[in-house]
Amino acid sequence: LEVQEFRVDRVIETAQGALAEGLERATFRANGASYTMRWCHVIEVADGKIVSFADHLDTAAIIDAFRAPHP
């Protein structure tokens, strides 16, 4: 996998931590197929340390690119 772009579009502070939204563009080296997807990270902080991290992805775009035929 070769990532062309990984960008954070928005960060929202919450009482428990933060939410971050962004975009990723990448290409699979094996078949040359690429995808663009949105992502969201949910981060929980307690006593100044990250205690929980959840990564939510638009996996349909990744699956379509991964299944593309080899050139």
### Message
Suppose clustering is done on Ile, Leu, Val, Met, Phe, Trp and Tyr with side-chain heavy atoms closer than 4.5 Å. Which residues sit in the same group as V45?
### Response
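Other cluster members: I43, I50, F53.
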Please tabulate, one pair per line, all N/O donor-acceptor pairs under 3.5 Å involving side-chain atoms of residues 14-30, not counting sequence neighbours.
from : atom 1 : to  : atom 2 : distance (Å)
T14  : OG1    : Q16 : N      : 3.3
T14  : OG1    : G17 : N      : 2.9
T14  : OG1    : G17 : O      : 3.3
E21  : OE1    : R10 : NE     : 2.6
E21  : OE1    : R10 : NH2    : 2.6
E24  : OE2    : Y35 : OH     : 2.4
R25  : NE     : E5  : OE1    : 2.8
T27  : OG1    : Q4  : OE1    : 3.2
T27  : OG1    : Q4  : NE2    : 3.3

### Message
Enumerate the salt bridge (Lys or Arg N to Asp or Glu O under 4.0 Å) contacts for residues 43-67, please, sequence neighbours excluded, ordered by first and then second residue.
### Response
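As it turns out, there is no salt bridge (Lys or Arg N to Asp or Glu O under 4.0 Å) pair with a partner in residues 43-67 once direct neighbours are skipped.
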#### Entry: Contact list for residues 11-20, test salt bridge (Lys or Arg N to Asp or Glu O under 4.0 Å), sequence neighbours left out
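Residue pairs with at least one partner in residues 11-20: there are none.
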#### Entry: Shortest non-hydrogen contact between W39 and R7, atoms and distance
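Shortest heavy-atom separation between W39 and R7 comes out as CZ2-O, 3.3 Å.
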### Task
Provide the closest heavy-atom pair for A65 versus A33 in the form atom of the first, atom of the second, distance.
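Reported closest heavy-atom pair: O-CB, 3.2 Å.
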### Task
Establish whether L57 and V42 are linked, either directly or via other cluster members, by ILVMFWY side-chain heavy-atom contacts under 4.5 Å.
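Shared cluster, no.
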### Query
Excluding sequence neighbours, so at least two apart, what forms side chain to side chain donor-acceptor pair (under 3.5 Å) with S34?
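In terms of side chain to side chain donor-acceptor pair (under 3.5 Å), with neighbours along the sequence ignored, S34 is linked to no residue.
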